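The next block holds one structure in the form of structure tokens; read it before the comments.
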Amino acid sequence: QLTVVESGGGLVQRGGSLRLSCAGAGFSLDTYTIAWFRQAPGKGREEREGVACISSEDDTTFYADSVKGRFAISRDNAKNTVYLQMNGMEYEDAGLYSCAAVRYNTPVYDYDLLMRLSAGMEYWGKGTRVTVSS
């Protein structure tokens with residue numbers, strides 16, 4: 001079965017760091033644009049927000065304003081994995097983090113485009129939960 005699988009979630013203190021992984025299962029991620037989304041506690045899937053994205057064309061990265069300067073997305077093609085390094089964690093960063101993959105050959109350059117792409121993602125993972133404590 002072709003899918004993506006997230007891991008690395010857990011409990012982190014405010015101000016701390018966590019690294020999430022998104023692994024491709026059954027297909028290679030290197031030709032896909034990969035994005036991370038998160039769903040805050042108590043909110044529905046329709047309220048999911050975009051977090052970061054790495055394009056297939058040239059690994060151009062994009063970040064939501066809320067995480068810019070704190071989060072970093074990268075890919076390791078040898079491991080068929082995309083990472084989301086999260087630093088300086090805030091309470092607002094808690095939630096269910098999901099990665100998704102789409103074949104899209106243009107760099108993502110703004111939030112509206114990222115959210116439009118979310119509707120057409122080909123593969124979604126089940127998510128990994130992040131909790132931020134004091």
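Note that this is a predicted model, so its numbers are computed, not measured.
- With contacts defined as side-chain heavy-atom distances shorter than 4.5 Å, the pair Trp36/Glu6 qualifies.
- A salt bridge between Glu122 and Arg103 is present, with a side-chain N of the basic residue lying under 4.0 Å from a carboxylate O of the acidic one.
- Tracing side-chain contacts under 4.5 Å through hydrophobic residues (I, L, V, M, F, W, Y), one never reaches Leu18 starting from Leu96; they form parts of separate clusters.
- The minimum heavy-atom distance between Ala100 and Met121, with the atom names listed, is CB-CG, 3.6 Å.
- Between Phe71 and Leu84 the shortest side-chain heavy-atom distance falls below 4.5 Å.
- To the nearest 0.5 Å, atom OG of residue Ser98 and atom CZ of residue Arg129 are 9.0 Å apart.
- The closest side-chain heavy-atom distance from Val12 to Ser17 is not below 4.5 Å.
- Within the structure, the salt bridge (Lys or Arg N to Asp or Glu O under 4.0 Å) test picks out the following pairs touching residues 41-55 (sequence neighbours left out): Arg38-Glu49.
- The two atoms that bring Cys53 and Thr33 nearest to each other are SG-CG2, 3.4 Å, heavy atoms only.
- Judged purely by distance below 3.5 Å, without hydrogens or angles, the side chains of Asp76 and Thr81 never pair a donor atom with an acceptor atom.
- In this structure, the side chain of Asn80 engages the main chain of Gly24 through a donor-acceptor pair within 3.5 Å.
- Between the Thr128 side chain and the Ser7 main chain, no donor and acceptor come within less than 3.5 Å of each other.
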Using residues 107-119 as the side-chain source, report each donor-acceptor pair under 3.5 Å to any protein atom, sequence neighbours left out, with the distance given to one decimal.
residue, atom, partner, partner atom, Å
Asp110, OD1, Asp112, N, 3.4
Asp110, OD1, Leu113, N, 2.7
Tyr111, OH, Gly50, N, 3.0
Ser118, OG, Met115, O, 2.5

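- The closest side-chain heavy-atom distance from Tyr97 to Met86 is below 4.5 Å.
- The list of salt bridge (Lys or Arg N to Asp or Glu O under 4.0 Å) pairs with a residue in residues 15-30, not counting sequence neighbours, is empty.
- The minimum heavy-atom distance linking Asp65 with Lys68 is given by the pair OD1-NZ, 3.1 Å.
- Taking hydrophobic clusters as Ile, Leu, Val, Met, Phe, Trp and Tyr residues chained together by side-chain heavy-atom distances below 4.5 Å, Val67 shares a cluster with Ile54.
- A 4.5 Å side-chain heavy-atom check between Ile73 and Tyr83 finds every atom pair outside the cut-off.
- In terms of heavy-atom proximity, Glu57 sits nearest to Asn105 at OE1-O, 3.4 Å.
- Scanning both residues, Pro41 and Ala94, for their nearest heavy atoms gives CD-O, 3.4 Å.
- Taking the ring centre of Tyr91 as origin, the terminal cationic atom of Arg14 falls inside the region bounded by 6.0 Å and 45° from the ring axis.
- Note on Ile34: it clusters hydrophobically with Val130, by side-chain heavy-atom contacts below 4.5 Å among ILVMFWY residues.
- Tyr104 is not connected to Val82 by any chain of hydrophobic side-chain contacts under 4.5 Å among Ile, Leu, Val, Met, Phe, Trp and Tyr, and they are in different clusters.
- A pairwise comparison of heavy atoms in Val4 and Cys22 identifies CB-SG, 3.9 Å as the closest pair.
- Aromatic ring centres of Tyr123 and Phe27: separated by under 6.0 Å.
- Under the 4.5 Å side-chain heavy-atom criterion for ILVMFWY residues, a single connected hydrophobic cluster contains both Leu20 and Val132.
- Put simply, the side chain of Ser133 reaches to within 4.5 Å of the side chain of Leu11, judged on heavy atoms.
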